[in-house]
Peer 1: 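I have a structure here, written as structure tokens, and I will follow up with some questions on it.
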Amino acid sequence: MNEIEQSNVTTDAVHRTQNRQTDRIQILTTLNETYLPRLQVLLTSIRASQPEETADIWLMHSGIPQEDLEPVARQCGGMGYGFHPLMIDGAAFDGAPVSRQYPREMYYRLLAPFFLPEHLHRILYLDPDILVINPLRPLWETDMQGNLFAAAAHTGKTELANNINQLRLGTDHAYFNSGVLLMDLDRGRDEISPEDIFTYTREHAKELLLPDQDILNAMYGRRTLEIDDSIWNYDARNYNTYLLRSGGICDMDWVMGNTAVLHFCGKSKPWQKGYIHRFGILYKHYEQLTRKWA
């Protein structure tokens, strides 16, 4: 490599670093205090998978005590991340269908454009039961093609579950998982109506099995860009399904080198005793790192 070529490579690297610093990845999650340890493991995995990145972490909650938030604040500070907890005023949900089955927290991610500062134009929502094992920036920079959301569908080996959800909700598109959502906040402020969401929930309560996810699909599925679940929302229960579906390509080496988001979907979680799925040991690894770093 001659001096001019070397100079160009160096200049490109500087520009990439500057772009990362000026375009910090904005990450949103919602949870209660019992899930704060899961958030800390998620943060550890984000930092380990992309140490050159800076980020801001936004946490929408219903009233987590300040002292319970302090460990997360310290962890974010040590990583160079901004930490922005937002306690949501319950008055915003006066007149909304709220019950044990439909807690007001279920509305948070869809109504995030109205609770987050207007200077934010895009945000990446992540469920707290996630590990990030490769960089998020390619997803962060995805062209959303004018859509409100970008999300993945877990269709599995067959289209059976997808067809059942389409029939149940009266839709004709893939059934999107709401655990990973890239959100265009500006379009959301223009196009999403809280009252429309509350009305839909009230009128379709009997059909809503996973309320916030069903609402996303029924009301905004046509305004959602489909992304590859094997990379951006890998269902950690279904290694064999991905392996078969890909004709043997998506083996463990492929997952570790290509998948960015491992999502521990379902009721069984890797921090609970008796977890049987193969990525549980990886979660334990990040738990151990969190105890050392946080």
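These numbers come from the heavy atoms of this one structure, side chains and all, not from hydrogens, waters or symmetry mates.
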Peer 1: If I take atom OG1 from residue Thr54 and atom CD1 from residue Ile25, how far apart are they, to the nearest 0.5 angstrom?
Peer 2: 8.0 Å
Peer 1: Can any side-chain N or O of Asp196 pair as donor or acceptor with the backbone N or O of Ser193 at less than 3.5 Å?
Peer 2: no
Peer 1: How are the rings of His277 and Tyr275 set relative to one another: parallel (under 30°), tilted (30 to 60°) or perpendicular (over 60°)?
Peer 2: perpendicular
Peer 1: Rounded at 0.5 Å granularity, tell me how far CD in Glu105 sits from OG in Ser62.
Peer 2: 3.0 Å
Peer 1: Is there a continuous path of hydrophobic side-chain contacts, each under 4.5 Å between heavy atoms, that joins Phe114 to Ile123?
Peer 2: yes
Peer 1: Would you check if there is a donor-acceptor pair between the side chains of Tyr108 and Asp212 at a distance under 3.5 Å?
Peer 2: no
Peer 1: Check for a donor-acceptor pair, side chain of Arg104 on one end and backbone N or O of Ile88 on the other, with a separation under 3.5 Å.
Peer 2: yes
Peer 1: How far does CD1 of Ile27 sit from SG of Cys76, to the nearest 0.5 angstrom?
Peer 2: 9.5 Å
Peer 1: Could you check whether atom CD of Glu195 has more than 12 heavy atoms from other residues, nucleotides or ligands sitting under 6.0 Å from it?
Peer 2: yes
Peer 1: Is there a side chain to side chain contact (heavy atoms under 4.5 Å, CB included) between Thr44 and Glu287 once you walk through the steps?
Peer 2: CA-CA 8 Å; Thr44 296; Glu287 278 190 312; over 6 Å; no
Peer 1: Give the intermediate values and the outcome of ring-ring contact (aromatic ring centres under 6.0 Å, His included) for residues Tyr283 and His285.
Peer 2: CA-CA 5 Å; Tyr283 194 91; His285 168 68; over 10 Å; no
Peer 1: So, does Gln272 use its side chain to make a donor-acceptor pair with the main chain of Lys269 at under 3.5 Å?
Peer 2: yes
Peer 1: Under the side chain to side chain contact (heavy atoms under 4.5 Å, CB included) criterion, do Leu110 and Ile197 qualify, and how do the steps go?
Peer 2: CA-CA 9 Å; Leu110 292 179; Ile197 290 176; 4.1 Å; yes
Peer 1: Side chains of Ser178 and Arg109 only: does a donor on one sit below 3.5 Å from an acceptor on the other?
Peer 2: yes
Peer 1: Any heavy-atom pair between the side chains of Ser230 and Trp254 that's under 4.5 Å?
Peer 2: yes
Peer 1: So which heavy atom on Arg291 is nearest to which on Gln288, and how close?
Peer 2: NH2-OE1, 2.9 Å
Peer 1: For the residue pair Leu59 and His84, establish whether any side-chain heavy-atom pair is separated by less than 4.5 Å.
Peer 2: no
Peer 1: Give a yes or no on whether the ring-centroid distance for Tyr35 and Trp271 is below 6.0 angstrom.
Peer 2: yes
Peer 1: Looking only at heavy atoms, which two atoms of Val132 and Tyr286 are closest? And how far apart?
Peer 2: O-OH, 4.4 Å
Peer 1: Given 3.5 Å as the limit, does a donor-acceptor pair link the side chain of Arg223 with the main chain of Gly146, or not?
Peer 2: yes
Peer 1: Given side chains that start at C-beta, do those of Phe149 and Leu182 come closer than 4.5 Å, heavy atoms only?
Peer 2: no
Peer 1: Please determine whether a side-chain nitrogen of the Lys or Arg among Asp186 and Arg189 lies less than 4.0 Å from a carboxylate oxygen of the Asp or Glu.
Peer 2: yes
Peer 1: For the residue pair Leu181 and Leu216, establish whether any side-chain heavy-atom pair is separated by less than 4.5 Å.
Peer 2: yes
Peer 1: Kindly say whether the aromatic ring centers of Phe279 and Phe264 come within a distance under 6.0 Å.
Peer 2: no
Peer 1: Measuring from atom CH2 of Trp232 to atom CG of Asn134, what distance do you get when rounded to the nearest 0.5 angstrom?
Peer 2: 8.5 Å
Peer 1: Please give me the minimum heavy-atom distance between Pro85 and Leu69, naming the atom from each residue.
Peer 2: CB-CD1, 3.9 Å
Peer 1: Does the side chain of Leu131 come within less than 4.5 Å of Leu282's, by heavy atoms?
Peer 2: yes
Peer 1: Tyr242 and side-chain hydrogen bond (donor to acceptor under 3.5 Å, both in side chains): which partner among Thr259, Asp229, Asp251?
Peer 2: Asp229
Peer 1: Would you say the side-chain atoms of Thr29 pair up with the backbone N or O of Leu126, donor to acceptor, closer than 3.5 Å?
Peer 2: yes
Peer 1: Report yes or no: does Gln75 contribute a side-chain atom to a donor-acceptor pair with the main-chain N or O of Gln40 at less than 3.5 Å?
Peer 2: yes
Peer 1: Report the C-alpha separation of Glu191 and Leu148 in whole Å, then their side-chain angles, then the decisive distance to 0.1 Å, and conclude whether the side chain to side chain contact (heavy atoms under 4.5 Å, CB included) test is met.
Peer 2: CA-CA 8 Å; Glu191 298 185 33; Leu148 287 170; 4.0 Å; yes
Peer 1: Between Asn177 and Tyr175, does any side-chain donor sit less than 3.5 Å from a side-chain acceptor?
Peer 2: no
Peer 1: Look up atom CG in Leu225 and atom OG1 in Thr142, then write down how far apart they are to the nearest 0.5 Å.
Peer 2: 7.5 Å
Peer 1: Among side-chain atoms of Asn217 and Asp214, is any donor-acceptor pair under 3.5 angstrom?
Peer 2: no
Peer 1: Are Leu39 and Met87 connected in the hydrophobic side-chain network, where two residues link if heavy atoms are under 4.5 Å apart?
Peer 2: no
Peer 1: Hey, what do you get for CE (Met60) to CG (Leu111), rounding to the nearest 0.5 Å?
Peer 2: 7.5 Å
Peer 1: How about His263 and Asn233: does a side-chain donor come under 3.5 Å of a side-chain acceptor?
Peer 2: yes
Peer 1: Below 4.5 Å, heavy atoms only, C-beta onward: do Leu124 and Met183 meet side chain to side chain?
Peer 2: no
Peer 1: So that I can tick it off, tell me whether Asp184 and Arg122 are bridged by a salt bridge, with the cut-off set at under 4.0 angstrom between side-chain N and carboxylate O.
Peer 2: no
Peer 1: Check Pro135 against Ala260 and note the closest heavy-atom contact, atom names and distance.
Peer 2: O-CB, 3.8 Å
Peer 1: For the residue pair Asp235 and Cys265, what are the closest heavy atoms and their distance?
Peer 2: OD1-CB, 3.8 Å
Peer 1: Quick check on the 6.0 Å ring-centre criterion: do Phe198 and Tyr107 meet it?
Peer 2: yes
Peer 1: For a 4.5 angstrom cut-off between non-hydrogen side-chain atoms, does Leu31 reach His61?
Peer 2: no
Peer 1: Is atom CE of Met252 surrounded by more than 12 heavy atoms (other residues, nucleotides or ligands) closer than 6.0 Å?
Peer 2: yes
Peer 1: Of all heavy-atom pairs between Leu42 and Asp127, which one has the smallest distance, and what is that distance?
Peer 2: CD2-O, 3.9 Å
Peer 1: Assess whether a salt bridge exists between Asp56 and Arg24, defined as any Lys/Arg side-chain N lying under 4.0 Å from an Asp/Glu carboxylate O.
Peer 2: yes
Peer 1: Let me see the working for Gln26 and Trp140 under side chain to side chain contact (heavy atoms under 4.5 Å, CB included), right down to the final yes or no.
Peer 2: CA-CA 9 Å; Gln26 306 294 317; Trp140 177 249; 3.7 Å; yes
Peer 1: With a 4.5 Å heavy-atom cut-off, do Ile130 and Leu262 have their side chains touching?
Peer 2: no
